[in-house]
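Below: the structure, in C-alpha cells.
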Amino acid sequence: MAASPPPARPRIPGSGLAKGLAVTLRTMMRKHGTEQYPDTLPELPPRTRGVIGLFEENCTVCMLCARECPDWCIYIDSHKETVPPAAPGGRERSRNVLDRFAIDFSLCMYCGICIEVCPFDALFWSPEFEYAETDIHELTHERDKLREWMWTVPAPPALDPGAEEPKEIAAARKSAEKLAAARTDPEEGDA
C-alpha cells in the first residue's frame, strides 16, 4: 500500500505580500553604498587599470608594443640618429629616436599586452580614469599626454617582509662582502 502524502498546510492570505514588504523595509533601513562621484572621488584598488602612461626615457622604439597590440591602437614613428664614438678610435653608433608615440583609447581594450611585452619598462598602468572627450578623434593621446599620466603611476607594492631575498641580490651582497673582507685583510686575498 502506498504512503499518503502529508497534509498541506493552510496558507494564510497575504503572507507572501507581508514577507516581501519585510524584505523591502530591511533594505530601506540599510546604509547605502552609493558615492556621489563628482563630489567624492572613489578610492580605487592599487592595481586599477585606468590609462597607459609612457616613461619616454626607457623607450627604445623596439615596436614590440605596437606589434603585439591586438587592436593596433599604438602608433609609433621614429628616425635613426648617428651617435659619435664614446672613446677615441671607437666607431659611430646609430640609435632610434622617438618622434611620435600615440595610443588611440577609442580602440584600446585595456588588455595590458603592450605593458607586459615592453622589455624596457616604458609603459605602465596609471589609475587615472577621467579622460573623457566630446569628440572621438581627441581620444588619440600623444606622448606628451602619456608622459603626464606617467607621474600618476603608483609605486610598486613593497616586498613581503617574510619573503626570501632574491638570489641576484644575495649573490651581489656576498661578492661585495668578499671584496670588503679582501680589502681589510690583504693576507686572505693572496691565499
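Counting only distance, with no hydrogens or angles, the side chain of Ser175 and the backbone of Ala172 share a donor-acceptor pair below 3.5 Å. The backbone N or O of Asp121 sits less than 3.5 Å from a side-chain atom of Asn58, completing a donor-acceptor pair. At distances below 3.5 Å, at least one donor-acceptor pair connects side-chain atoms of Thr24 with backbone N or O atoms of Gly20. Judged purely by atom type and a 3.5 angstrom limit, Asp104 uses its side chain to pair as donor or acceptor with the backbone of Ser106. No donor-acceptor pair under 3.5 Å is formed between the side chain of Arg49 and the backbone N or O of Ser126. With hydrogens and angles disregarded, a donor-acceptor distance shorter than 3.5 Å links the side chain of Arg67 to the backbone of Cys62.
Enclosure of atom CD in Glu164 is not indicated, since only 12 or fewer non-hydrogen atoms of other residues, nucleotides or ligands lie within 6.0 angstrom. The environment of Ile136 atom CD1 is sparse: at most 12 non-hydrogen atoms of other residues, nucleotides or ligands sit within 6.0 angstrom. The 12-atom threshold is not exceeded at CD1 of Ile12, counting heavy atoms of other residues, nucleotides or ligands nearer than 6.0 Å. At most 12 heavy atoms of other shown residues, nucleotides or ligands fall within 6.0 angstrom of atom CD in Glu43.
Hydrophobic clustering, with ILVMFWY side chains joined whenever heavy atoms are under 4.5 angstrom apart, groups Val51 together with Ile115. If you chain together hydrophobic residues whose side chains sit under 4.5 Å apart, Ile113 and Leu107 never meet in one group. Criterion: ILVMFWY side-chain heavy atoms under 4.5 Å apart, direct or through other members. Under it, Phe55 and Ile74 are not part of a common hydrophobic cluster.
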Residues Leu139, Tyr131; criterion side-chain contact (heavy atoms from CB on, under 4.5 Å); working and verdict: CA-CA 8 Å; Leu139 282 172; Tyr131 56 95; 4.3 Å; yes
Criterion side-chain contact (heavy atoms from CB on, under 4.5 Å) on Cys73 and Cys108, from CA distance to verdict: CA-CA 6 Å; Cys73 64; Cys108 182; 3.8 Å; yes
Thr82 vs Arg93, side-chain contact (heavy atoms from CB on, under 4.5 Å): CA-CA, chis, key distance, verdict: CA-CA 6 Å; Thr82 305; Arg93 306 267 178 185; over 6 Å; no
Check against side-chain hydrogen bond (donor to acceptor under 3.5 Å, both in side chains), Tyr37 and Glu130: CA-CA 11 Å; Tyr37 163 64; Glu130 297 177 311; 2.3 Å; yes
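Side-chain contact between His79 and Asn96 is absent, with no heavy atoms from C-beta onward closer than 4.5 Å. Considering only heavy atoms from C-beta on, Val97 stays 4.5 Å or farther from Ser78 through its side chain. The shortest distance between side-chain heavy atoms of Arg100 and Arg143 does not fall below 4.5 Å. Between Glu92 and Val83, the closest side-chain pair of non-hydrogen atoms is not below 4.5 Å. Met109 is listed as a side-chain neighbour of Pro70, based on a closest heavy-atom distance under 4.5 Å. The closest side-chain heavy-atom distance from His141 to Phe105 is below 4.5 Å. For the pair Ile76 and Val61, the minimum side-chain heavy-atom distance is below 4.5 Å. For the pair Phe120/Leu64, no side-chain contact is recorded, criterion being any heavy-atom separation below 4.5 Å from C-beta on.
Annotation for Trp125 and Thr48: closest pair CB-O, 4.2 Å, computed over non-hydrogen atoms. Minimum interatomic distance between Cys118 and Leu123 (heavy atoms only, all atoms of both residues): SG-N, 4.2 Å. Nearest heavy atom pair, residue Tyr110 against residue Gly50, reads CE2-O, 3.4 Å.
Residue Leu54 is tested with Asp144, Ile103, Leu146 for a side-chain contact (heavy atoms from CB on, under 4.5 Å); the sole match is Leu146.
The distance between the ring centers of Phe124 and Trp149 does not fall below 6.0 angstrom.
Atom CD of Glu133 and atom OG1 of Thr140 lie 10.0 Å apart (nearest 0.5 Å). Atom CE of Met28 is separated from atom CG of Leu21 by 10.5 Å, given to the nearest 0.5 angstrom. Distance check, rounded to the nearest 0.5 Å: OG1 of Thr60 to CZ of Arg95 gives 11.0 Å. The distance from atom NZ of Lys167 to atom CD1 of Ile169, rounded to the nearest 0.5 Å, is 13.0 Å. Annotation: the span from Glu165 atom CD to Arg173 atom CZ amounts to 4.5 Å, rounded to 0.5 Å. With values rounded to the nearest 0.5 angstrom, Glu142 atom CD is found 12.5 Å from Lys145 atom NZ.
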